[in-house]
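Reckoned from all heavy atoms, side chains included, excluding hydrogens, waters and symmetry mates. Chain identifiers are assigned alphabetically (A, B, ...) following the order of the sequence lines, protein sequences preceding nucleic acid strands; residue numbering begins at 1 within each chain.
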There are 2 protein chains.
Amino acid sequence: MKTTRQHGRRKVTLKDVAAQVGVSHTTVSNAYIRPGQLSAALREKIFAAAQEMGYTGPDPAAKQLATGHSGALGFLFSEDLPYAFSDPAVLTVLNGVAKSCNELETDLALISAGSSLRNMNTPVSLGNAAVDGYILYSVAPDSRCVMMAQQRNVPLVVVDQPRLDGVPYVGIDDRDAAYKAAKTLLELGHRSFGILSLKTAHDDYFGILTAKRRANIAHSTIAMRLEGYLTALQEAGIAPETVPAWEIPINSEEAGAEGARFLINRPERPTAILAMSDRVAIGAMKTIRAAGLSIPQDVSIFGFDDIPAAATADLSTIRQPHEQKGTEAVRLLVQQDGRQNVILKTELVKRGSIGQPPKAEPSRG
Amino acid sequence: MKTTRQHGRRKVTLKDVAAQVGVSHTTVSNAYIRPGQLSAALREKIFAAAQEMGYTGPDPAAKQLATGHSGALGFLFSEDLPYAFSDPAVLTVLNGVAKSCNELETDLALISAGSSLRNMNTPVSLGNAAVDGYILYSVAPDSRCVMMAQQRNVPLVVVDQPRLDGVPYVGIDDRDAAYKAAKTLLELGHRSFGILSLKTAHDDYFGILTAKRRANIAHSTIAMRLEGYLTALQEAGIAPETVPAWEIPINSEEAGAEGARFLINRPERPTAILAMSDRVAIGAMKTIRAAGLSIPQDVSIFGFDDIPAAATADLSTIRQPHEQKGTEAVRLLVQQDGRQNVILKTELVKRGSIGQPPKAEPSRG
DNA sequence: TTGTATGCGTTATCAG
DNA sequence: CTGATAACGCATACAA
């Protein structure tokens, strides 16, 4: 994918237009940047010439090199690019970002940090795009791109993860939200729980969330949610270490379905499942029903996010203001004065997926 | 959102690193670009110094100015930025684009041409992003950005719309697909049709798709679909001008619901509705059911796209390979040799939304 | 109101 | 393997 002067003729520049019109190249530049500095007539003349010569305005790269900014912002995330378009929650955040970008007339560059994680030995760049600032969206705290972004001396905002000193933050109170979800289930009478956790560290582990892993959770949102769940359970006299948990490497229904298989096949089948995302929960619901169990008669389940599909699935969940996360992130990036943090409110949404635990002890058969 | 030297210290450049290590700046540049040209030891030394000084690699803008390419491609569309994240079909195309970008390790800049349509008097730039090529996704043919993109002398690919001389094209046979949809309904015995059309021109018109508007359709995909529908009907002896059609300004369920209201309130209520998108069709289904009518007993309906929601809604439709559109577009953009066109295959998907027309003439009451 | 000179950070060319 | 030198296309004091 080469560029410039490949269609044959050389690229038309400011200077060419200037020569054609018979003015200096500064004047042409002014015509674009400072309309007021020119007579309207000259301006029109310049634009006409530009039009005819096929000059499409200042070259973005050159402009940025000279001015120091590009009029675009980067949205950076850990997963690979396609993932962003498959996760409804991410999409909604992006939607918010897009709305703000639209108002600001800035472009939006999507940058996957995944690629810069592959070759660890070579100092790779943080995406190729020239941007004026980055929104770090739920990137792994130990990811190299965090460091690189910080060094880059451009405005930063992080959404969800990780919390960085001196960098504005947009997120929710994950601990509180999780706590309330667990509390709701406890109040319905549940005493036997299972947890479906999202990934806790930057490896490809999946399986039982062991005590060791529980103690070393790199992703703060996950740590907070787990803490919220377990605190509520502990307050009800349920020892955290007795609560089975399954760690899921990627936020998908399939992975949730698999995790649920683990939980419902335990000797003492949980009557309530706490899932850290709706996609995982919805996958789990399929497993549960495929096993011949009813929701919520046999097992209750609670999600997280409130993606559109949650309503369809009649899944109780925690509603996150995803879109607002996006708009707030852009706002903070643009203002960049207060560098304060924004903690958005969540809302507990009760739907048909939760109910009282079964009367007869379902000691499995 | 200023940039550079704002965190206090000046931006560290190639030259600074070179001075620190005691080599020329060319050598440092080579360390990044041409690893083979240096002794491994020197390379390490340079990287170590860079690391310590906080040099994050070549500045993207400067690099692009020098090399002529940026490692990013632009995805350009007519609607505003947020729309892209709300339309499932667009999203799937983007997903395909993202997959290819991910493999190529190029960034993806989302550019809304909408903003450049506002101020028509000033020559605005085609987005601020510096990109190596554009994918024009279903932009209005008369949009200025089409011209600007062409002048820009960078590789172009258009998806769906418009067809441009010398520019590779990715799309489907809209006419054929629409023809088959109508044919399917005809074979079920329907004789009374209604059409829900997407917007035909670059205005904000909504309402009856008049004869005059039918004759002046700017959007080729829409023209082809309409032609496909009407050709099938005409072959069955139904005069095109007798078929009521409603034009919808924006592809949404709400707009579809409104259009359906027009159709089912006609003196002779259609027994079959042909909708140019699934979203529109799904909105229409709501209206139909809200009016106390059954699908397909009272009215059959056919969509277009096969977005995920179509399956849920049990809507018959034309499946478009949206994701493949994206991957093909990138492929064409990168190769840029054959500059051939790619017409992807569609598939007619029959679901529960279509059936035989009611026996008794429902002459409305 | 318009033009001149200089710098932006990098890559490429072509010597040594 | 290394280092001067010249682009790259534009913006911006500053001077005219």
Going by side-chain hydrogen bond (donor to acceptor under 3.5 Å, both in side chains), name the residues that satisfy it together with A:Asp87, two or more places apart in sequence or in a different chain.
A:Tyr83, A:Asn251
Partners passing side-chain hydrogen bond (donor to acceptor under 3.5 Å, both in side chains) against A:Lys45 (at least two apart in sequence or in another chain)
none
Using a 4.0 Å heavy-atom cut-off across all strands, classify A:Gly36 as base, sugar-phosphate, or nothing.
nothing
Residues forming a side-chain hydrogen bond (donor to acceptor under 3.5 Å, both in side chains) with B:Ser100, sequence neighbours excluded:
none
When the C1' atoms of the five terminal pairs at each end define the local axes, what inter-axis angle does the helix from C:dT1-D:dA16 to C:dG16-D:dC1 show, to 10 degrees?
30°
Residues in side chain to side chain contact (heavy atoms under 4.5 Å, CB included) with B:Gln20, at least two apart?
B:Ala49, B:Met53
Residues passing the ring pair (Phe, Tyr, Trp, His ring centres under 6.0 Å) test with B:Tyr137, sequence neighbours excluded, are B:Phe75
NE2 of A:His69 versus P of C:dG9: gap in Å, rounded?
15 Å
Residues forming a side chain to side chain contact (heavy atoms under 4.5 Å, CB included) with A:Ala48, sequence neighbours excluded
none
Rounding to a whole Å, what distance do you find between A:Arg43:CZ and C:dT2:C1'?
16 Å
Give the B/S/- string for nucleotides 10-16 of chain C, one per nucleotide from 5' to 3', where a protein heavy atom under 4.0 Å of the base yields B, of only the sugar-phosphate yields S, and otherwise -.
BBB----
In whole angstrom, give the distance that lies between atom CG of A:Asp16 and atom P of D:dC10.
9 Å
Non-neighbouring partners of A:Lys63 that pass side-chain hydrogen bond (donor to acceptor under 3.5 Å, both in side chains), sequence neighbours left out:
none
With respect to the phosphate group of D:dG3, does any side-chain polar atom (N or O) of B:Thr27 fall under 4.0 Å of OP1 or OP2?
yes
B:Asp160 side-chain N/O to B:Gly171 backbone N/O, donor-acceptor pair under 3.5 Å:
no
